Structures are given as C-alpha cells and as structure tokens.
Amino acid sequence: EDKVVQSPLSLVVHEGDTVTLNCSYEVTNFRSLLWYKQEKKAPTFLFMLTSSGIEKKSGRLSSILDKKELFSILNITATQTGDSAIYLCAGRNTNAGKSTFGDGTTLTVKP
Amino acid sequence: KAGVTQTPRYLIKTRGQQVTLSCSPISGHRSVSWYQQTPGQGLQFLFEYFSETQRNKGNFPGRFSGRQFSNSRSEMNVSTLELGDSALYLCASSLGLAGDMETQYFGPGTRLLVL
C-alpha cells in the first residue's frame with residue numbers, strides 16, 4: 001500500500017525564520033509529488049515535482065525531490081504569519097492515478 | 001475562470017440517511033476526483049471520474065458511489081450514513097486524468113456532519 005510520511009507533524013517558529021518541511025514516500029509506480037497549503041479551506045496547490053534534483057521555486061517557497069532517497073523537502077524562507085497553515089504532501093502514481101496524502105505539517109508562525 | 005464549486009457547503013444528516021454532494025469542475029476540466037478529509041485519517045482518495053467513467057477508486061465501502069455527467073459535473077452519494085462518515089468532502093478537478101501529471105485544483109469542500 002502506498003504511504004506518505006511528513007515530518008515534523010507541527011512546528012512553531014517566529015517571523016523571519018526559515019523552515020524546512022519533510023516528506024518521504026513509498027508510492028508504487030511513482031509519477032509525481034505534490035505540495036499543498038491548507039488554511040481554513042481547501043488545499044491550494046504549491047508545487048508538483050517529477051524530476052529528481054530540480055528545484056521548484058515560487059517567491060519564498062521552494063521544493064526539491066530526491067527520487068533515489070524517496071523524499072522531498074519544502075523550504076520557506078523569511079516566514080510570515082500568513083504562512084501559518086497545514087502543509088500537505090501527496091505522492092501520485094501512474095497506474096491508479098490517485099494521490100496518497102501525508103498527515104500534513106502544521107506550521108505556526110508567531111509575530 | 002471560476003474555480004471548482006461544491007454544493008452544499010454544509011450538511012447535517014442522521015445515521016441511516018443518504019446524501020448527495022455535487023461538484024462543478026473548472027470550465028474545460030474533464031477529471032473530477034473526490035477526497036474525504038477527517039482529523040484522524042487525513043485526506044483520503046475516494047474515486048476519480050473522467051469522461052463520465054470512474055477511472056480510479058480508493059479503499060472505501062460500496063456505500064460511497066459517484067457519477068459524472070456529460071458537462072463534467074460530478075455527484076457523490078453516500079448511502080446508509082454512519083457517524084464515521086462525518087468529514088470534509090473535497091473534490092478536485094484537472095484537465096486530464098489525475099495520473100497524467102496534471103495539477104489538481106480543489107473546491108472549498110462540503111462539510112458533512114452525521115448525528
């Protein structure tokens with residue numbers, strides 16, 4: 001059965017700090033790994049990673065995938081209170097086309 | 001473009017009843033996936049519909065079913081509701097099949113409470 005594990009489960013930092021969120025996966029016929037940010041509503045898409053070693057970047061957020069070691073990290077620099085959310089990681093396979101989600105990392109950024 | 005819409009947004013039902021939830025994908029998107037999110041189990045895949053056909057299915061009992069119409073709108077039905085069905089039900093749409101490297105866009109969800 002496919003499995004995605006995120007760590008840490010929760011994290012409290014202060015504004016301006018840099019955080020690294022981890023996601024390890026065991027997904028049969030792996031195709032891509034996705035990161036989402038979920039506040040008080042539905043998850044919003046952040047990144048989709050398919051190739052190992054290529055960093056995706058959007059503003060203060062960046063993510064990279066290591067297909068050999070089966071993990072990904074999401075990095076947030078110069079955190080702001082608006083970054084407070086649950087960050088979800090999902091592994092997607094090709095055969096079933098379904099996404100297996102991790103339990104999420106709850107990030108709290110204090111002013 | 002309008003985003004993914006789901007109706008109703010909130011619903012209260014009692015055990016044994018059935019419920020139908022609706023999802024309208026982003027215009028032009030042909031794939032709709034359904035997920036159940038609970039505090040204990042996280043986000044779990046229910047099924048995916050593409051071109052009116054169920055293409056993929058998660059590990060949920062047969063009480064959970066769905067369908068997709070020719071305009072790509074999808075409905076999800078849960079029969080004989082149980083207390084454990086209380087959850088946020090999310091649908092996500094994408095242009096093509098979710099497995100084909102397509103980004104999914106989530107709707108706001110329907111929060112179902114079963115009493």
Side-chain angles (χ1 to χ4, degrees), chain A residues 1-10 21 23-25 27-52 54 56 58 61 63 65 67 72 85-106, chain B residues 3-7 9-10 21 23-26 29-51 53-60 64 66 87-111:
Chain A
E1 191 173 320
D2 293 346
K3 189 175 163 186
V4 173
V5 177
Q6 292 185 246
S7 65
L9 286 180
S10 65
L21 310 183
C23 174
S24 65
Y25 64 91
V27 174
T28 310
N29 297 312
F30 173 81
R31 189 64 182 266
S32 59
L33 188 128
L34 300 100
W35 284 96
Y36 293 88
K37 177 183 180 182
Q38 185 172 26
E39 296 169 271
K40 289 180 184 175
K41 42 186 193 278
T44 52
F45 171 79
L46 291 174
F47 298 111
M48 181 169 70
L49 302 151
T50 55
S51 301
S52 207
I54 297 177
K56 290 271 182 102
S58 175
L61 276 67
S63 184
L65 177 69
K67 288 170 84 170
S72 173
I86 298 172
Y87 288 86
L88 295 166
C89 157
R92 184 183 287 169
N93 65 35
T94 54
N95 290 349
K98 64 180 184 179
S99 297
T100 301
F101 282 80
D103 289 336
T105 293
T106 301
Chain B
V4 179
T5 57
Q6 290 187 246
T7 56
R9 294 293 309 279
Y10 302 93
L21 312 181
C23 171
S24 292
I26 291 172
H29 284 196
R30 295 170 66 193
S31 166
V32 173
S33 298
W34 287 91
Y35 295 85
Q36 181 196 65
Q37 188 174 35
T38 58
Q41 298 292 322
L43 205 61
Q44 293 187 292
F45 173 78
L46 281 155
F47 28 65
E48 179 187 15
Y49 284 86
F50 181 83
S51 293
T53 304
Q54 187 182 87
R55 297 302 181 105
N56 302 296
K57 193 175 190 303
N59 299 323
F60 277 80
F64 292 81
L88 179 67
Y89 290 88
L90 293 162
C91 83
S93 78
S94 56
L95 272 172
L97 277 169
D100 294 340
M101 301 174 64
E102 287 288 344
T103 304
Q104 289 184 303
Y105 296 89
F106 283 85
T110 293
R111 190 164 291 282

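Naming: A, B, ... by sequence-line order, numbering from 1 per chain. Bear in mind that the values here come from a model prediction, so they are computed numbers and not experimental data.
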* Closest non-hydrogen atom pair between Ala42(A) and Pro108(B), with its separation -> CB-CA, 3.9 Å

* **By ring-ring contact (aromatic ring centres under 6.0 Å, His included) - contacts of Phe60(B) (at least two apart)** => Phe64(B)

* Any chance you could lay out the side chain to side chain contact (heavy atoms under 4.5 Å, CB included) test for Tyr36(A) and Gln104(B), step after step, and finish with the verdict? => CA-CA 10 Å; Tyr36(A) 293 88; Gln104(B) 289 184 303; 3.9 Å; yes

* CG on Leu88(A) to CZ on Phe106(B), rounded to 0.5 Å -> 8.0 Å

* To do: Check whether Ile86(A) gets within reach of chain B through its side chain, its backbone, both or neither, counting any heavy atom under 4.5 Å.
  => neither

* Structure fact -> Honestly, the part of Leu90(B) sitting under 4.5 Å from a heavy atom of chain A is side chain

* When only pairs under 4.5 Å are counted, which of Gln41(B), Arg111(B), Gln37(B) shares the most heavy-atom pairs with chain A? -> Gln37(B)

